[in-house]
Trainee: 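Handing you a structure now.
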Amino acid sequence: MEISFIPLDYDSFDWQGRNYVKIVGRDEKGKRVCIIDCFQPYLWAMLKEGTSEKKAEDLRKKIEKIKIETSLRTTNVEKTELCEKNFLGKPVKAIKIFITNYKDAHPVADNLDFPEIEARREYDLNIITKYIAEKRMVPLKWCRVSGEVLNNSSEFGGIDSAIDADLCIKAEKIEECKDEIIDKRFEPKILAFDIEADELEIGKGEILMISLVGKNLKKVLTWKKCPHRLNYVECFKDEADMLEAFVNYVKKENPDMLIGYFSDGFDLPYLKARAEKNKVRLSLGIDNSQPSFARGRIPSGKIFGIVHVDLFRFIETAYSQYLQSETLGLNEVASELLGEGKREFEHKSSKQMKQEEWQEYFEYNLQDSVLTYKLAEKFWPDMLEFSKIVQEPLFEIARDSMSQMVENYIIHNLHKFSEIAEKRPLHDEIEKRREREKYEGAFVFQPQAALYENLAVFDFTSYWPSIIVTYNLSLSSFLKNREKDALEVSLGSKKAYFSKKPAFFPLMLKEVIELRKKYKQEYKKDKNPLTFARSNAYKLLANASYGYQGFFGARYYCPEASAATTAISRDFIKKIIGTINQDSYEVIYSDTDSIALKLNRHAKQEALSLLEKLNSGLPGIMELELEDFYKRGIWVTKRTGEFGAKKKYALINHESKLKIRGFETVRRDWCTLARDLQNKVLHKILQEGNEKSALELVKKTIKDLKERNIDKKDIMIRTQLKKSIAEYRAITPHVIAAQKMKEKGLPVDIGMLIEYFIAETREKKALVREKVKLPDEKGEYNIKYYLEHQIIPAVENIFNVFNINIKEVADGKQQKKLGEF
DNA sequence: GGTGCATCCTTACC
DNA sequence: ACAGGTAAGGATGCACC
């Protein structure tokens with residue numbers, strides 16, 4: 001039988017000591033298919049330079065005798081092949097060692113201690129990664145699979161009868177799709193879920209309700225307060241019954257993906273814990289297996305055949321940089337992206353809840369799943385594109401960090417270069433790498449504080465990646481010693497040399513940048529979420545590639561390449577700044593890859609010609625583009641000293657759109673009062689070109705503050721708790737607030753935003769932390785603190801640009817007021 | 001007990 | 001531990017007088 005197949009979920013299993021892979025996906029009619037495929041694992045032994053054919057042949061014979069016996073199985077070297085490969089760009093002779101079971105790859109590698117062997121590789125790759133790379137069965141890409149249909153077969157111990165799929169096939173041939181189906185849209189069946197429990201600690205309380213939302217499904221399952229008027233609420237006799245019903249609903253819905261928000265860390269482990277407590281099987285997998293949890297910073301809950309995605313984790317790595325939200329909670333993220341937030345609901349112990357409150361609780365629970373479902377629909381194109389581009393399964397894509405994405409992209413493209421993969425650094429190596437000295441980073445121009453008019457901003461497209469590509473900076477091109485025709489880069493007092501022979505990392509990156517360019521054009525022609533997601537995925541990959549080479553956990557770690565990248569970037573941008581200044585323009589600011597300049601007497605058109613001229617002189621794939629023209633811009637001095645502050649400015653373009661960077665307005669650890677005021681002040685000044693009406697606003701705000709007319713929510717300060725309370729060496733206000741919360745029995749976790757305000761105290765207290773109060777504590781806000789530590793600092797430097805001393809204004813007002821009496 | 005610098009800490013920019 | 005360095009700025013810690 002032959003079918004078209006789109007792979008979604010991958011898993012490996014052993015049968016009679018050998019490795020097999022089972023892949024769950026859909027055929028073109030939407031039927032669920034499970035493909036079983038054998039996998040012949042292997043690793044590499046690279047030979048020392050100059051090893052003779054004869055010695056290599058002798059070695060093969062010795063290697064073929066290696067046998068690993070464990071209580072579980074016996075792993076043999078099944079066969080070996082002598083191959084010509086590349087490693088870090090250099091040709092090597094390597095023996096490909098096929099083994100019975102990949103789980104024993106490490107012990108086999110340990111047995112390869114022959115003098116002819118230089119290094120052993122590829123025993124530390126994930127087996128699924130290796131399978132995908134080997135068989136080219138790329139996630140979310142249609143392929144043709146032919147093979148034998150398993151129907152209550154005894155093969156693999158009757159595995160097919162345990163799997164709830166429409167079709168189970170033992171693969172014989174897998175080919176890339178060449179017909180029209182390759183472009184066929186695939187819409188996954190999504191099921192969102194969310195639970196509510198009395199206690200936040202996993203498994204401590206009972207699960208009160210579970211909501212489920214699919215395309216045509218809206219349900220809240222509960223065993224509390226029944227019967228109920230709400231038609232979507234379904235009641236069960238106890239928690240165990242509800243849990244069983246949950247499993248049955250998932251099975252009936254038959255989704256491709258089960259999606260939650262924080263579900264890796266909360267919902268799924270909670271369900272598991274309560275199922276155990278109630279002695280109910282949580283057989284969510286399509287083979288009735290229970291979710292398994294892979295260890296890690298956050299455990300990852302895997303369900304066989306249904307891709308479990310914790311949407312929070314994907315948003316955190318792939319999308320948080322685009323969000324304005326100050327936290328990545330469901331409410332804020334959904335409000336920003338969907339224009340719809342969570343239901344308001346005041347949590348209290350379920351024992352004290354009245355009938356109407358239960359109704360609100362059910363509505364609240366359902367809404368969480370509704371939002372999760374909608375967000376999943378929104379992010380589906382992004383997960384799809386990342387999965388296709390990086391060639392890793394959705395489960396991994398939804399959880400991998402950007403460095404892992406870059407690394408997986410590399411690994412899945414190594415075959416184009418006949419490269420053997422470098423090993424992952426071990427613990428000791430990581431420790432060593434982390435101790436290395438920092439290298440110098442980007443150049444930041446020292447600005448002059450002023451209000452400027454008529455500006456242009458240029459910036460380099462993918463600046464650092466374009467330098468890596470243009471100058472061939474990578475681990476394989478890095479030279480230990482000077483060679484002729486090599487590129488020499490000065491790194492402080494040292495020098496680094498790079499070969500000019502194009503290396504695979506820059507070549508892959510070049511392709512990523514080119515594809516990004518191509519898909520960006522495509523997006524401009526046809527704006528839709530899919531074209532955007534594709535272009536964006538390439539952009540993020542390119543941007544993360546620079547950091548990857550300097551990251552201590554990277555297989556292709558090369559801090560010299562990172563240092564060279566930034567060194568070249570500094571020289572380059574300084575040179576460009578010099579050229580611009582020669583032309584009676586004036587560069588007023590620059591940070592890393594961007595340049596802000598005053599047009600002076602030049603027209604916009606002339607600035608565009610200048611840009612063209614600059615571009616014609618750029619090497620390789622480097623490219624400078626216009627970011628925008630601006631009507632005005634303001635730079636302020638640092639709080640200490642007369643110099644202009646870096647990374648702090650505000651611009652207004654000709655469509656009156658504001659761009660604010662670094663100011664307190666955009667900092668979440670300042671109170672709303674100060675942030676809003678500063679934002680309005682910047683707005684007025686940039687819009688009007690002078691400070692007059694802005695000054696009036698400040699005076700009014702100060703008056704309101706002194707008369708205690710400020711709303712309490714506007715003076716709350718929010719600061720993130722980055723570690724546990726005990727770990728803090730300096731006891732800052734937010735640590736005190738966290739301590740107070742703990743004493744009250746409120747949950748305090750690492751990563752939480754701690755909210756507090758500074759209150760008046762009876763006795764004079766020196767430290768701010770002695771005046772900290774929690775939002776619901778009684779007490780008046782401290783006028784002096786909010787004036788001197790929030791409002792004035794937020795606007796002081798802005799008015800300094802106009803030679804106005806805002807402190808005097810604040811005091812003057814008071815004097816005037818005194819005079820009125 | 002105040003001053004001033006160092007250090008810790010968070011958050012931003014690119 | 002889960003991309004990098006650069007930078008601002010608040011609050012506390014601590015030596016010093």
Side-chain angles (χ1 to χ4, degrees), chain A residues 296-298 313 316-317 321 326 399-407 424-425 427 430-431 433-434 436-447 459-460 462-465 468 540-554 556-559 561-563 565-567 569-570 573 589-595 627 636-641 643-649 659-670 674 717-723 727-736 753-754 758 766-772 785 788-790 793-794 796-797:
Chain A
R297 196 162 49 106
I298 309 169
R313 296 184 69 177
E316 191 185 28
T317 50
Q321 59 165 319
E326 284 166 17
R399 292 168 177 82
D400 282 353
S401 63
M402 279 315 293
S403 69
Q404 281 171 289
M405 297 257 208
V406 172
E407 192 153 279
R424 189 190 296 139
H427 185 264
I430 288 180
E431 289 294 294
R433 290 180 181 184
R434 292 185 64 194
R436 77 153 162 82
E437 262 180 63
K438 278 193 175 183
Y439 56 83
E440 197 179 337
F443 167 70
V444 188
F445 187 95
Q446 173 67 68
D459 59 20
F460 282 98
S462 301
Y463 192 37
W464 286 346
I468 293 172
L540 292 181
L541 270 183
N543 286 346
S545 63
Y546 155 75
Y548 173 79
Q549 295 202 97
F551 167 51
F552 55 80
Y556 296 98
Y557 175 71
C558 186
S562 305
T565 307
T566 56
S569 85
R570 292 190 300 273
I573 204 151
Y589 186 62
S590 164
D591 185 350
T592 312
D593 60 353
S594 71
I595 298 170
E627 198 254 336
V636 300
T637 56
K638 289 212 296 180
R639 185 93 56 239
T640 51
F643 288 118
K646 297 172 177 181
K647 300 188 186 285
K648 215 174 165 182
Y649 61 89
K659 183 176 173 182
I660 301 179
R661 294 290 179 265
F663 273 108
E664 285 74 4
T665 302
V666 299
R667 291 185 61 97
R668 69 174 181 189
D669 56 351
W670 281 67
I717 299 168
R718 301 198 298 167
T719 313
Q720 194 182 28
L721 195 72
K722 301 272 243 192
K723 46 195 173 192
E727 280 176 273
Y728 280 89
R729 295 220 264 160
I731 308 303
T732 48
H734 82 292
V735 177
I736 293 294
L753 272 190
I754 307 293
I758 304 306
L767 298 176
V768 178
R769 68 171 175 224
E770 292 166 320
K771 303 171 207 168
V772 165
Y785 175 84
E788 291 173 8
H789 292 258
Q790 294 278 333
E796 190 173 25
N797 296 349

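Computation of the quantities below employed the complete heavy-atom set of this structure, encompassing side-chain atoms and omitting hydrogens, waters and symmetry-equivalent molecules.
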Trainee: Polar pairs (N or O, both sides) under 3.5 Å between protein and nucleotides 12-14 of chain B?
Mentor:
unit_1 : atom_1 : unit_2 : atom_2 : d
B:dA12 : OP1    : A:V666 : O      : 2.9
B:dA12 : OP1    : A:R668 : N      : 3.1
B:dC13 : OP1    : A:G662 : N      : 3.0
B:dC13 : O2     : A:K647 : NZ     : 2.9
B:dC14 : OP1    : A:Y649 : OH     : 2.5
B:dC14 : OP2    : A:R661 : NE     : 3.1
B:dC14 : O3'    : A:D593 : OD1    : 2.3
B:dC14 : O3'    : A:D593 : OD2    : 3.4

Trainee: Rounded at 0.5 Å granularity, tell me how far OH in A:Y546 sits from OG in A:S462.
Mentor: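 The OG atom of A:S462 is 14.5 Å from OH of A:Y546, to the nearest 0.5 Å.
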
Trainee: Please tell me which of A:Q446 and A:Y548 maps to the more 5' nucleotide of DNA chain C, matching each residue to the nucleotide holding its nearest heavy atom.
Mentor: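 Closest to the 5' end, via its nearest nucleotide, is A:Y548.
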
Trainee: What nucleic acid atoms does A:Q549 come within less than 4.0 Å of, heavy atoms only: base, sugar-phosphate, or nothing?
Mentor: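 The residue A:Q549 makes no contact with any strand.
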
Trainee: Would A:E664 and A:R639 pass as an ion pair if we require N to O under 4.0 Å?
Mentor: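 Yes, charged N to carboxylate O under 4.0 Å.
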
Trainee: How about A:R436 and A:P559: do any of their side-chain heavy atoms sit closer than 4.5 Å?
Mentor: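 Sidechains of A:P559 and A:R436: in contact.
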
Trainee: Name the nucleic acid region contacted by A:Y463, choosing base, sugar-phosphate or nothing; use a 4.0 angstrom heavy-atom cut-off, strictly under.
Mentor: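 Since no nucleic acid heavy atom lies under 4.0 Å of A:Y463, the category is nothing.
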
Trainee: For A:F552, does the six-membered ring have the charged nitrogen or CZ of A:R434 within the cation-pi criterion, i.e. under 6.0 angstrom from the centroid and within 45° of the normal?
Mentor: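 Cation-pi check for A:R434 and A:F552: passes.
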
Trainee: Between A:H734 and B:dC9, does any side-chain N or O lie under 4.0 Å from OP1 or OP2?
Mentor: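 So the side chain of A:H734 is outside the cut-off, no N or O lying under 4.0 Å from OP1 or OP2 of B:dC9.
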
Trainee: Touch check for A:S562, heavy atoms < 4.0 angstrom, all strands: base, sugar-phosphate only, or nothing?
Mentor: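 Here A:S562 touches no strand at all.
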
Trainee: Select base, sugar-phosphate, or nothing to describe what A:Y439 touches, counting heavy atoms under 4.0 Å on all strands.
Mentor: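 The answer is sugar-phosphate, as A:Y439 gets under 4.0 Å only of primed atoms, P, OP1 or OP2.
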
Trainee: How many angstroms lie between CG in A:D400 and CZ in A:R313, if you round to the nearest 0.5 Å?
Mentor: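 So the gap between those two atoms works out to 9.0 Å.
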
Trainee: For DNA chain C, which nucleotides open and close the run of contacts to chain A, 5' to 3', at under 4.0 angstrom from a non-hydrogen atom?
Mentor: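 Going 5' to 3' along DNA chain C, contacts run C:dA1 to C:dG13.
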
Trainee: Using the rule side chain to side chain donor-acceptor pair (under 3.5 Å), only one of A:R668, A:E326, A:H734 pairs with A:Q720; which is it?
Mentor: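 Result for side chain to side chain donor-acceptor pair (under 3.5 Å) with A:Q720: A:R668.
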
Trainee: Would you say the side-chain atoms of A:T566 and A:W464 include a donor-acceptor pair closer than 3.5 Å?
Mentor: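 Side-chain D/A pair, A:T566 to A:W464: absent.
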
Trainee: Could you tell me whether the side chain of A:Q404 and the main chain of A:S401 form a donor-acceptor pair under 3.5 Å?
Mentor: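 Yes.
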
Trainee: For atom P, what is the distance between B:dT10 and C:dC2, given to the nearest Å?
Mentor: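 Pairwise P distance, B:dT10 against C:dC2, rounds to 15 Å.
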
Trainee: To the nearest 0.5 angstrom, please state how far the CG atom of A:D591 sits from the NZ atom of A:K646.
Mentor: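 If we round to the nearest 0.5 Å, A:D591:CG and A:K646:NZ are 9.0 Å apart.
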
Trainee: Heavy atoms only, 4.0 Å cut-off, all strands: where does A:A544 land among base, sugar-phosphate and nothing?
Mentor: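 A:A544: no heavy atom of the nucleic acid under 4.0 Å.
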
Trainee: With a 4.0 Å cut-off on heavy atoms, is A:I731 in touch with a base, just the backbone sugar-phosphate, or nothing at all?
Mentor: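 Since only primed, P, OP1 and OP2 atoms lie under 4.0 Å of A:I731, the category is sugar-phosphate.
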
Trainee: Determine the contact category for A:F643: base if any of its heavy atoms lies under 4.0 Å from a base atom, sugar-phosphate if only primed atoms, P, OP1 or OP2 are that close, otherwise nothing.
Mentor: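 Answer is nothing: A:F643 stays at 4.0 Å or more from every strand.
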
Trainee: Detail all sub-3.5 Å separations between protein N/O atoms and N/O atoms belonging to nucleotides 3-7 of chain B.
Mentor:
none

Trainee: For A:Y548 and A:E407, which I'm curious about, is there any donor-acceptor pair between the side chains at under 3.5 Å?
Mentor: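 Distance-only check passes for A:Y548 and A:E407.
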
Trainee: Mind checking the CG-CZ spacing from A:N797 to A:F663? Nearest 0.5 Å is all I need.
Mentor: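 Going from CG on A:N797 over to CZ on A:F663, the span is 8.0 Å.
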
Trainee: What nucleic acid atoms does A:G547 come within less than 4.0 Å of, heavy atoms only: base, sugar-phosphate, or nothing?
Mentor: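 Answer is base: heavy atoms of A:G547 come under 4.0 Å of a base.
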
